[in-house]
Every structure is written in structure tokens, then in C-alpha cells.
Amino acid sequence: MATTSKPLAATPPMGWNSWNTFGHNVDETVVRETADMLVSSGLRDCGYDYVVIDDCWSIKEGRDKNGDLVADPLKFPNGIKALADYVHGLGFKIGIYSDAAERTCGGYPGSYLFEEQDAQLWASWGIDFLKYDYCHAPLFDQAIAIERYSRMGKALRKTGREFLFSVCEWGNQSPHLWAREVGGHMWRVSGDVFDSWINIWKSDWNTYGIGVDVSIDIAHELHQYGGPGGWNDLDMLVVGLKGRGQISGGGLSFLEYQTHMSIWVMACSPLMIGCDIRRMDAETASLLMNREVLAINQDRLGIPARLVKRVGTCEIWTKRLADASMAVAVINRGSRGEDVLLKARDIGLLEATKLVRNLWTSQDIADFKVEFTQRVEPHQTILLKIQG
Ligand code: GLA
């Protein structure tokens, strides 16, 4: 019997990535325990099916005598292949990380000029996903970026194994315009998003960490470029970090985490969890595991939301869904609570009487009769689904 498998990245990829919490300390135990926890918590069954090992998995000194990358035996005593087998056995796909230069951001060997060799090695381990970073590569030269990502895209294809290719060039050279052509399925649109509402200066990295409020503007600017097979990647989720991890920026409040999740969902960003889910609390679980909210992100039309109206400090965003309904986000980016008047015509509805469901509270709230007032607290996002 013929089986039809879903094309790669037909909807935004979901999973977990080691970087935000573990950084240089990623190891086999963390990855195995995380995979176990993704299963027992129910996250896997919500759709989080990629387990991604970010930077710092190999030995720093260099390659072996054959020129191959070597997994750090202290961190991964059983090797990556055994870990991949374990993770696959639980129903996940597994991702790894490298960089389009001689060194990764963390200073480990990169894959530039070793693309085919590395791709073959990862394929032999059973790797399904590559996050390909851009530290130490020439900045602000689009042709070079396209060339370096093309080399890896080709090398991955040549293996004959299906790889999801995650382009991590931070948006400097407009990857939304070329990443699909080089085989990319998602492309970062900014530097690293921190656990912070506003950008923060990170002196040890000599750069700004991006605040979630800034990501909202980027999602708006680039909304028309995402779609099935290729997505604007707003970066890994900071939900649940609560001030811990590599990218601590003081920590978002609960309502800010909810806004962060709402925007990533509405923008069709990949949803890669960045917190330590072994320590996930109920609040974090409620944000990561709301199935009605996740269904908006995973809607098969894959149309990223767009901003349709500003009302004072609030923004109204809409996203058309496959069942002819509409997801609406009302975001308050200001520091005072607002009562926002939602009018049918503002959100492109021809008919006013509709069933409105608040997805974060899981409540049907009213018949949408011409207009509707919604209270939105500072930095809060109300997420509604309006039936078609
Ligand atoms: C860059 C990327 C991050 C992470 C680190 C690893 O900063 O943007 O997502 O992969 O490198 O060093």
C-alpha cells in the first residue's frame, strides 16, 4: 500500500533545542532525559517532534585523522549515532548544529569546505535536521552567504537522506529572499532572542540580545515570506526560562511569555522549546501545550498573521485558517491596560455574528455582533478564534 508522508516543513517545525538552557553544557544525559520528558509530559503528542543538539557537541581541538568531526566523548560517551537511535525509538527526529565557517559561534570546528564530508557523517548517524550558523563568516556580503548555504544545501541533498535545513544567518542578508532556493526550510530573522521584553546589551558577546517586543515588528515586516516548506524563524522559544539559561535577560512575566508564544504561533514561526522541560512548571506547560493555540501555528494553509490595525498602543493581527475561520491577536505593547474595540470590518469579516473563542482561556466569549470590546493588560495578548 502506498503511503503518503507529509512534505518536510509543510507546517512550522516544532521541537526542542539545547542552546537556550544548556549552551556549552549539552550532553547525552540532558538529551536523553529531555526526550523521555517530551514523551511523559505529553509535549511529543502535541507535535514537538524534533530534538536538536545545538553548538558545542564536538571536540574543540579539530577533526580526526580522516578529517571527520568528532563528538566529544566526555559529553557523548556512546556517540551521536546511539543517541539518534534512542531518540528515534521514542518517535522523534534528531537535529545537529554546525556553522558556515571554520569555527562555530562557540569556537568548535565548522563545516565550511567540509560540507559533503560532514553531511555524509551526519547522514550515517541518522541525523534529520541541521541548524547551520554563520559566526566567523563574512558579514554583509549576500553573495557569500548564498554561496555558503548553497554548498551545504547541496551536500545535504547529495546524502539522499531527508534533512530539514535550518538557516541561522540572523537575517542580516535577507535570507527570506534566498533561503528556500538553497534548500532551507526555515531561516532566522534576527539575532538571539533573549528572555526579555526589550533589547538588552550583552557586553560579553559585544552585541544586543533581541527582546520579544522587537521580534513583533520583525514578524510584521516579513510576514509575506513564510509559508509551507519555508518559514521565518523568530528563534527558539524563551517560554519557561524564567531568568535561567544562556540568554537570561531578567525574565519575562507570565503575560509576556503568553504574548511571545502568541506571536510565534500567529507568525508561523517554528516552535523550538528552549527551556529545561525536566523542570517545566504548570504555567509553562499551559503555554506550550495549549492544543487550540498550537493548531493556529500548525494550520495547513500556513499563512503568517499580519497586522491589520493599530488602536493606541494595541495592535490587531489576523491569520486566515483552513476551516474558513480567523485567528485574531490583540496585543498591548504599551504599559497601561486598554479596552480595545474590535470591529468586524477591521478584521475583514463580511458578516458580524460569529462565535468567538478565547484560546488562552478556552472559553467561548460572545457572539461577535458588529463590534466587541476586549480588555488587554500591558504586554498581554488576547488570542481569539472567530468561526467562519
Ligand atoms: C548563535 C545562534 C544561537 C546558538 C549559538 C550557539 O548565537 O544564533 O541560536 O546556536 O550561536 O553558539
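As the structure lists them, so they are numbered: ligands from 1, and atoms in each ligand from 1.
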K.L.:
Can you tell me the protein heavy atom closest to atom 5 (C) of ligand 1 and the distance?
P.N.:
W19 CE2, 3.6 Å
K.L.:
If you take all heavy atoms of T381 and Q258, which pair is closest and at what distance?
P.N.:
O-OE1, 4.1 Å
K.L.:
Which residue supplies the protein heavy atom nearest to atom 12 (O) of ligand 1, what is that atom called, and how far is it?
P.N.:
D55 OD2, 2.8 Å
K.L.:
Tracing side-chain links under 4.5 Å among I, L, V, M, F, W and Y, which residues wind up in one group with F114?
P.N.:
none
K.L.:
Just heavy atoms, cut-off under 4.0 Å: does C168 contact ligand 1 by side chain, backbone, both, or neither?
P.N.:
side chain
K.L.:
What atoms in ligand 1 come closer than 4.0 Å to a heavy atom of R188?
P.N.:
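Those atoms are 8 (O), 9 (O).
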K.L.:
Using modelled atom types and a 3.5 Å cut-off, is there a donor and acceptor pairing between side-chain atoms of Q117 and backbone atoms of N66?
P.N.:
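Present.
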K.L.:
Flag K131 as yes when one of its N or O atoms lies below 3.5 Å from any N or O atom of ligand 1, and as no otherwise.
P.N.:
yes
K.L.:
Do you know which two heavy atoms are closest between I80 and A71, and how far apart they sit?
P.N.:
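So the minimum-distance heavy-atom pair works out to CG1-CB, 3.7 Å.
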K.L.:
Which of the numbered atoms in ligand 1 are below 4.0 angstrom from a heavy atom of W170?
P.N.:
2 (C), 8 (O)
K.L.:
Just let me know how D133 lines up against ligand 1, side chain, backbone, both or neither, with a heavy-atom cut-off below 4.0 Å.
P.N.:
side chain
K.L.:
In ligand 1, which numbered atoms sit nearer than 4.0 Å to a non-hydrogen atom of G106?
P.N.:
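Near G106, meaning under 4.0 Å from one of its heavy atoms, ligand 1 has 12 (O).
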K.L.:
Return the minimal non-hydrogen interatomic distance between M266 and A327, and the atom names on each side.
P.N.:
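For M266 and A327, the tightest heavy-atom pair comes out as CE-O, 3.5 Å.
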K.L.:
Using a 4.0 Å cut-off to any heavy atom of C105, which atoms of ligand 1 qualify?
P.N.:
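Matching atoms, with element in brackets: 1 (C), 11 (O), 12 (O).
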K.L.:
Among the heavy atoms of D192, does any lie under 4.0 Å from an atom of ligand 1?
P.N.:
yes
K.L.:
Which residues pass the side-chain hydrogen bond (donor to acceptor under 3.5 Å, both in side chains) test with D281, sequence neighbours left out?
P.N.:
K242, T284
K.L.:
Checking N232 against W187: is there a side-chain donor and acceptor pair closer than 3.5 Å?
P.N.:
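On atom types as modelled, these side chains qualify, holding a pair under 3.5 Å.
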K.L.:
If you define the side chain from C-beta out and look only at heavy atoms, does anything of L307 sit under 4.5 Å from I331?
P.N.:
no
K.L.:
Can you report which non-hydrogen protein atom sits closest to atom 10 (O) of ligand 1, along with the distance?
P.N.:
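Looking at atom 10 (O) of ligand 1, the protein heavy atom closest to it is D54 OD1, 2.7 Å.
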K.L.:
With a cut-off of 4.0 Å, which atoms of ligand 1 are near a heavy atom of M236?
P.N.:
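What qualifies from ligand 1 is 9 (O).
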